[in-house]
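FYI, side chains are in, hydrogens and waters are out, and symmetry mates aren't considered; it's all heavy atoms of this structure.
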Amino acid sequence: MILDDFLVQTKTGLYCVYGDFYLDPKEPVKEAVISHAHGDHAYPGNANVYCTQSTSLFMKHRYRENAAQHFLVKDYQQHFQLKEVELSFVPAGHILGSAQVLMTYKGIRYLYTGDYKLQADPTCEPFVFVPADVLITETTFAHPDTQHPNPETEMLKLNTTTSNIMLGAYVLGKSQRLIQLINKYCLEKRILVHHSLVPFLRIYEQQGMVVGKYELFDKRLLKNNNNLVYVVPPMVYHSNIKTFNVVKVFASGWKDLQRNNQIQLYVSDHADWNDIIHTIAQVQPAQVWTTHGSGSHLITHFGESLVVKLLNG
């Protein structure tokens, strides 16, 4: 029997009373199961953190000694127990080390996706479908009008100019994916990276992921060269520094973040509407619970044919 209270939304995060743990808690807890290392999912200061190897490395770099008291690193598909709940991690395809969390209690399988994408991405482990009785899915882009374009088509936009480009992207996941895509589809471009990206790139490379060629940024290069792409974190991108003329581009699936950009680059690391519908069809759950966004359109779409519950509604 599916338990409505298996996961409860609290101010700290999703709490499982039967295993006495939190999924991606937003403040320090004793037992934290972390899906991936983005800052809105992986907070510092927890006592025990259960996660993948890559997630632990990213957290240790970002939070140093405050990352966690103990990391209990698990491989994908490795089973472990928290009280009466059996858990395992399944690749989520979001960033390197990202994981879905499969939780089994009294024969019922609850699958928490964390953030995920179905698009191909050689810089992280590809999404894996597993059957579950309850799918707890992120709904960041769960709107019927949202369909992410082909990343190859988007990247070719960068070839429409020989001017130097300042490319804004999140330092973890997005930047590494973009560097790999530029190396593949923008062969005339030379990639420069902000120094804050380098430690994350090093971890990717240590974990066996090939992102391609890049160089540490040197301002002098922008004066005498063209066809350069300077990859920077959002803080640098949105700063008022105007020391050189560049075409400004920000990679995101959010339309609001594209309004003032000279080239609109729609590259997202989340599932869009069709991906979410496809995931539900593959997982074949009896119920869908939604989080990290609005699941209201899923209620309308499925009507009475599938139980859809909004955990954050």
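Although no hydrogens or angles enter the test, the distance criterion places a donor-acceptor pair under 3.5 Å between the side chain of His38 and the main chain of Leu172. Using modelled atom types, one side-chain atom of Lys157 and one backbone atom of Gln264 make a donor-acceptor pair closer than 3.5 Å. A distance-only check finds no donor-acceptor pair linking the side chain of Asn159 to the backbone of Cys186 [under 3.5 Å]. In this structure, the side chain of Glu154 does not engage the main chain of Pro151 through any donor-acceptor pair within 3.5 Å. One N or O on the side chain of Asn183 and one on the backbone of Lys213 form a donor-acceptor pair closer than 3.5 Å. Side-chain atoms of Arg109 come within 3.5 Å of backbone atoms of Pro131 as a donor-acceptor pair (strictly under, hydrogens ignored). Under a 3.5 Å cut-off, the side chain of Asp272 and the backbone N or O of Asp275 do form a donor-acceptor pair. When atom types are taken as modelled, the side chain of Thr139 and the backbone of Gly293 share a donor-acceptor pair closer than 3.5 angstrom. For Gln258 (side chain) and Ser252 (main-chain N/O), a donor-acceptor pair under 3.5 Å exists by modelled atom type. For the pair His94 (side chain) and Cys124 (backbone), a donor-acceptor distance under 3.5 Å is absent.
Between the side chains of Thr12 and Glu27, a donor-acceptor pair is found at a separation under 3.5 Å. For the residue pair Tyr43 / Asp24, no side-chain donor-acceptor distance below 3.5 Å is found, with atom types taken as modelled. In this structure, a donor-acceptor pair under 3.5 Å is absent between the side chains of Thr55 and His36. Judged purely by distance below 3.5 Å, without hydrogens or angles, the side chains of His270 and Glu138 pair a donor atom with an acceptor atom. Thr52 and Ser54 form no side-chain donor-acceptor contact under 3.5 Å, judged by distance and modelled atom types alone. A donor atom on one side chain and an acceptor atom on the other are not found under 3.5 Å apart for Tyr105 and Glu86. Side-chain N/O atoms of His41 and Asp115 include a donor and acceptor closer than 3.5 Å.
Taken together through direct or relayed side-chain contacts under 4.5 Å among Ile, Leu, Val, Met, Phe, Trp and Tyr, Phe141 and Leu265 form parts of separate hydrophobic clusters. Cluster annotation: Met59 is not connected to Ile95 through the hydrophobic network of ILVMFWY side chains, with a link wherever side-chain heavy atoms come within less than 4.5 Å. Note on Leu102: it clusters hydrophobically with Leu135, by side-chain heavy-atom contacts below 4.5 Å among ILVMFWY residues. Transitive grouping of hydrophobic side chains (ILVMFWY, heavy atoms separated by less than 4.5 Å) keeps Val232 and Leu216 in distinct clusters. The hydrophobic clustering, which links ILVMFWY residues whose side-chain heavy atoms are closer than 4.5 Å, places Met235 and Leu178 apart.
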Problem - Working for ring pair (Phe, Tyr, Trp, His ring centres under 6.0 Å), residues Phe58 and Tyr204 - result: CA-CA 10 Å; Phe58 294 134; Tyr204 266 72; 5.7 Å; yes
Handout entry: side-chain hydrogen bond (donor to acceptor under 3.5 Å, both in side chains) between His148 and Ser268, intermediate numbers included
Key = CA-CA 7 Å; His148 299 320; Ser268 176; 3.3 Å; yes
Handout entry: Verdict with reasoning, Tyr22 to Glu31, per side chain to side chain contact (heavy atoms under 4.5 Å, CB included)
Key = CA-CA 6 Å; Tyr22 286 85; Glu31 309 288 347; over 6 Å; no
Handout entry: Full working for side chain to side chain contact (heavy atoms under 4.5 Å, CB included) between Ile263 and Thr161
Key = CA-CA 10 Å; Ile263 295 176; Thr161 181; 4.1 Å; yes
Exercise for the section: Could you check Leu82 against Leu87 for side chain to side chain contact (heavy atoms under 4.5 Å, CB included), going step by step and ending with a plain yes or no? Expected result: CA-CA 8 Å; Leu82 289 174; Leu87 300 93; 3.9 Å; yes
Exercise for the section: Would you please test Tyr266 and Phe250 for ring pair (Phe, Tyr, Trp, His ring centres under 6.0 Å) and show each step? Expected result: CA-CA 8 Å; Tyr266 289 97; Phe250 193 88; over 10 Å; no
Exercise for the section: Start with the C-alpha distance between His61 and Ile203, add both sets of side-chain angles, then the distance that settles side chain to side chain contact (heavy atoms under 4.5 Å, CB included), and finish with yes or no. Expected result: CA-CA 9 Å; His61 165 69; Ile203 293 173; 4.2 Å; yes
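For the pair Lys248 and Tyr237, the cation sits on the ring face: its NZ or CZ lies under 6.0 Å from the ring centre, inside 45° of the axis.
Closest non-hydrogen pair, Pro28 versus Asn46, comes out as CA-OD1, 3.4 Å. Heavy-atom minimum distance, Met209 versus Pro122: SD-O, 3.4 Å. Of all heavy-atom pairs between Tyr116 and Ala92, the closest is CB-O, 3.1 Å. The two residues Tyr170 and Ser175 make their nearest non-hydrogen contact at O-OG, 2.6 Å. Residue Ala67 comes nearest to Lys60 through the heavy atom pair CB-CA, 4.0 Å, listed as atom of the first residue, atom of the second, then distance. Nearest heavy-atom pair across Ile2 and Asp133 is CD1-O, 4.0 Å.
Side-chain contact between Leu298 and Ile276 is present, with at least one heavy-atom pair separated by less than 4.5 Å. No side-chain heavy atom of Glu215 sits under 4.5 Å from any side-chain heavy atom of Ile191. Contact check for Val267 versus Met155: side-chain heavy atoms found under the 4.5 Å cut-off. A 4.5 Å side-chain heavy-atom check between Tyr230 and Val193 finds every atom pair outside the cut-off. Contact of the Leu3 side chain with the Tyr18 side chain is registered, since non-hydrogen atoms from C-beta on lie closer than 4.5 Å. Side chains of Thr279 and Leu118 form a contact here, defined as non-hydrogen atoms less than 4.5 Å apart. With contacts defined as side-chain heavy-atom distances shorter than 4.5 Å, the pair Leu310/Ile299 qualifies. Residues His194 and Phe217 have side chains not in contact (no heavy-atom distance under 4.5 Å, counting atoms from C-beta outward).
Atom CD of residue Gln100 and atom CD1 of residue Ile136 lie 10.5 Å apart, to the nearest 0.5 angstrom. Taking CE of Met166 as the reference point, atom CG of Asn164 lies at 10.5 Å (rounded to 0.5 Å). In this structure, SG in Cys51 is found 10.5 Å from NZ in Lys74, a value given to the nearest 0.5 Å. A distance of 8.0 Å separates CG in Asn227 from CD1 in Ile165, rounded to the nearest 0.5 Å. For the atom pair CG of Leu192 and CG of Leu221, the computed distance is 5.5 Å after rounding to the nearest 0.5 Å. The structure places CD of Gln77 at 6.0 Å from OG of Ser88, a figure rounded to the nearest 0.5 Å.
Heavy-atom contacts from other residues, nucleotides or ligands closer than 6.0 Å to CD of Glu188 number 12 or fewer.
Screening Tyr112, Trp289, Tyr110 against Phe6 for a ring pair (Phe, Tyr, Trp, His ring centres under 6.0 Å) leaves a single residue, Tyr110.
Ring pair Phe89/Phe80 is tilted by interplanar angle, where 30° to 60° counts as tilted. Aromatic ring pairs are classed by plane angle as parallel below 30°, tilted from 30° to 60° and perpendicular above 60°; the pair Phe129 and His278 is perpendicular.
Residue pairs meeting the salt bridge (Lys or Arg N to Asp or Glu O under 4.0 Å) criterion with at least one member in residues 196-205, sequence neighbours excluded: Arg202-Glu205.
Salt-bridge formation is detected for the pair Lys117/Asp269: a Lys NZ or Arg NE/NH1/NH2 atom is positioned less than 4.0 Å from an Asp or Glu carboxylate oxygen.
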